[in-house]
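Take a look at the structure below.
In what follows, every heavy atom counts, from backbone to side chain, and hydrogens, waters and symmetry copies are set aside. Sequential numbering from 1 along the given sequence is applied to the chain's residues. Keep in mind it's a predicted model, so treat the numbers as computed, not measured.
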Amino acid sequence: MKVAVFSTKSYDRKFLEAANAGGQHELVFFEPRLNLETSVLAAGFPVACAFVNDCLDAKTLRAIAQNGVRLLALRSAGFNHVDLAAASDLDLTLLRVPAYSPYAVAEHAVAMILCLNRSIHRAYNRVREGNFALDGLLGFDLHGKTVGIVGTGRIGAITAKILQGFGCSLLGYDVSPNPDCEALGMKYVPLQELFGASDIVSLHCPLIPETYHLIGALAIEQMKPGMMLINTSRGQLIDTKAVTKGLKSGKIGNLGLDVYEQETDLFFEDLSNHVIQDDVFQRLLTFPNVLITGHQAFFTEEALQNIAESTIANITDFEQGRACPNQIDLAKFKK
Ligand code: NAD
């Protein structure tokens, strides 16, 4: 099938071309993000292939559907950025890649915990400046600390397993508890109890209306003083302004973010020659105990290969009229 691939970076192209080595599909790569302005690029393509920061609102979906798109193939697990009611009304098929490497994201969450705890980001710079003083770099043993995992699906469960290896006690919160986590010794508790007892809280639940700003002023009030908050899931799980206040008061002792509420205008681009206009984001960068990465938790060889192979397989399923296990059921979203 003819596929318009949006938000293409060199690495996307490399892995998608390798997965499509048999030439099953005709892939045409576009660097711009998919949005209303760029939707015209999809004219004549039955398939549009999109990533996490493409704007898949009703207007854009209507425009691509009018241009002939019938399948929207997401190269991501999350689909919170798609207007599902509009996609359903337009009779679009929506496919995604639900599990490409939960290890990649879980390992990144743990990397953030270790880096923040032992101030590796600061030590790296200090040593390069010839500053070998240790003041300000004091960490704590992870062994024996309590970690609260919010969302114990694929990624949360692996994060829990890794942290159990460090000798951490595990608390969990999920709308449907995971027996694998219970087998690790995780204790499921109400969210408030998890916040109150955890030295580290790591977010691994999806962004849905119920989890929007899950971490706001009230949650922060319930947290242990000096706790560490890690978000590798979706930016809007966190009310960034409330978290900034929590950092200023010391309630939040360390913050690790791989995702950010307003990341669409920032992440995946080289903006080093631009003045960043987002003051909330810029304020975060001034804290020594904040570590931000630009939505790179998924970014491993294995994950990119799996994303590419699943995306190509999804499109082939659609082309051949086969039921695809990665299809999102849009019927329930019809207005
Ligand atoms: P998953 O579906 O396997 O697990 C999500 C878990 O969250 C499930 O157990 C579900 O029951 C639980 N959940 C649902 N609603 C909840 C609620 N209201 N409160 C608490 N828990 C709730 O998903 P996953 O593969 O583990 O991915 C988790 C999230 O990680 C995704 O939603 C995605 O946003 C994010 N992600 C980020 C990156 C990255 O590069 N930073 C990459 C992939 C995925």
Side-chain angles (χ1 to χ4, degrees), residues 52-53 78 80-81 105 109 112-113 115-117 119 121 140 145-153 155-156 159-160 163 168-175 186-267 276-295 297:
V52 287
N53 284 338
N80 53 280
H81 55 314
V105 183
M112 294 194 110
I113 292 172
C115 182
L116 279 165
N117 176 28
S119 298
H121 55 307
F140 53 82
K145 294 296 179 296
T146 299
V147 182
I149 309 269
V150 181
T152 56
I155 296 170
T159 307
L163 289 167
C168 296
S169 299
L170 300 171
L171 294 179
Y173 174 78
D174 197 304
V175 287
M186 177 180 279
K187 189 176 160 211
Y188 280 92
V189 292
L191 208 45
Q192 185 172 351
E193 195 178 326
L194 181 147
F195 290 148
S198 298
D199 301 291
I200 299 168
V201 172
S202 194
L203 305 179
H204 300 287
C205 57
L207 174 63
I208 47 176
E210 301 81 60
T211 58
Y212 175 80
H213 280 188
L214 184 80
I215 307 294
L218 179 64
I220 294 167
E221 207 179 293
Q222 295 164 350
M223 286 172 178
K224 236 176 153 173
M227 60 80 67
M228 180 189 292
L229 177 63
I230 303 291
N231 186 10
T232 56
S233 196
R234 282 292 178 266
Q236 287 161 312
L237 295 180
I238 285 184
D239 175 350
T240 315
K241 286 187 180 154
V243 162
T244 302
K245 272 193 192 160
L247 284 161
K248 284 167 80 175
S249 72
K251 195 69 188 277
I252 298 176
N254 286 289
L255 174 69
L257 299 181
D258 185 54
V259 286
Y260 167 63
E261 278 199 88
Q262 306 295 337
E263 70 177 52
T264 314
D265 295 331
L266 299 171
F267 289 0
I276 290 178
Q277 301 295 327
D278 183 335
D279 293 343
V280 176
F281 184 77
Q282 290 300 89
R283 178 68 179 101
L284 282 180
L285 295 182
T286 66
F287 292 98
N289 49 351
V290 172
L291 175 66
I292 303 180
T293 52
H295 208 138

- Message: With a 4.5 Å cut-off on side-chain heavy atoms, are Asp199 and Met228 touching?
- Response: no
- Query: Got a second to check how far Thr211's OG1 is from Arg234's CZ, nearest 0.5 Å?
  - Reply: 10.5 Å
- Message: Between Leu257 and Val290, is there a side-chain heavy-atom distance shorter than 4.5 Å?
- Response: no
- Under 4.5 Å between any side-chain heavy atoms of Asn231 and Asp258, yes or no? no
- If you draw a 6.0 Å radius around CD in Gln282, do more than 12 non-hydrogen atoms from other residues or ligands fall strictly inside? yes
- Measuring from Ser202:OG to Met112:CE, what's the distance to the nearest 0.5 Å? 10.0 Å
- Hey, is the main chain of Glu221 close enough, under 3.5 Å, to the side chain of Lys251 for a donor-acceptor pair? yes
- Query: Does one side chain, of Tyr173 or Thr152, offer a donor that lies under 3.5 Å from an acceptor on the other?
  - Reply: no
- Task: For the residue pair Asn53 and Glu263, establish whether any side-chain heavy-atom pair is separated by less than 4.5 Å.
- Result: yes
- Task: For residues Ile149 and Leu194, determine if any side-chain heavy atom of one lies less than 4.5 Å from a side-chain heavy atom of the other.
- Result: no
- Message: Ignoring hydrogens, what is the shortest heavy-atom contact between Leu191 and Val150? Give both atom names and the distance.
- Response: CD1-CG2, 4.0 Å
- Message: Using a 3.5 Å distance criterion without hydrogens, assess whether the side chain of Asn289 forms a donor-acceptor pair with backbone atoms of Leu255.
- Response: no
- Within the side chain of Thr286, is there an N or O that forms a donor-acceptor pair under 3.5 Å with the backbone of Arg283? yes
- Item | Inter-residue atom distance His204.NE2 - Ser233.OG, 0.5 Å rounding | 7.5 Å
- Measure the spacing between CG of Asp279 and OG1 of Thr244 and express it to the nearest 0.5 Å. 11.5 Å
- Query: Side chains of Tyr188 and Asp174: does their closest heavy-atom pair fall under 4.5 Å?
  - Reply: yes
- Hey, mind stepping through Ile220 and Val243 against side chain to side chain contact (heavy atoms under 4.5 Å, CB included) and telling me if it holds? CA-CA 7 Å; Ile220 294 167; Val243 162; 3.9 Å; yes
- Message: Taking side chain to side chain contact (heavy atoms under 4.5 Å, CB included) as the criterion, tell me which of Val147, Asn254, Leu229, Leu163 meets it with Ile200.
- Response: Val147
- Message: Within the 4.5 Å heavy-atom criterion, are Cys205 and Leu214 side-chain neighbours or not?
- Response: yes
- Query: Would you say the side-chain atoms of Glu261 pair up with the backbone N or O of Asp239, donor to acceptor, closer than 3.5 Å?
  - Reply: no
- Value for OG (Ser169) from CE (Met186), rounded to nearest 0.5 Å, stands at 11.0 Å
- Message: Would you say that Val201 contacts Ile230 through its side chain, given a criterion of any heavy-atom pair below 4.5 Å between the two side chains?
- Response: no
- Item | Between His295 and Thr293: side-chain donor-acceptor atoms closer than 3.5 Å | no
- Take Thr232 and Leu203 through the side chain to side chain contact (heavy atoms under 4.5 Å, CB included) test and state the conclusion after the steps. CA-CA 7 Å; Thr232 56; Leu203 305 179; over 6 Å; no
- What do the steps show when you test Leu237 against Ile215 for side chain to side chain contact (heavy atoms under 4.5 Å, CB included), and what is the final call? CA-CA 6 Å; Leu237 295 180; Ile215 307 294; 5.7 Å; no
- Euclidean distance, Ile252 CD1 relative to Phe287 CZ, rounded to 0.5 Å: 9.5 Å
- Query: Can we call the ring centroids of Tyr260 and Phe281 under 6.0 Å apart?
  - Reply: yes
- Message: If you apply the rule side chain to side chain contact (heavy atoms under 4.5 Å, CB included), what do you find for Lys241 with His213, and how did you get there?
- Response: CA-CA 11 Å; Lys241 286 187 180 154; His213 280 188; over 6 Å; no
- What do the steps show when you test His121 against Ser119 for side chain to side chain donor-acceptor pair (under 3.5 Å), and what is the final call? CA-CA 5 Å; His121 55 307; Ser119 298; 5.2 Å; no
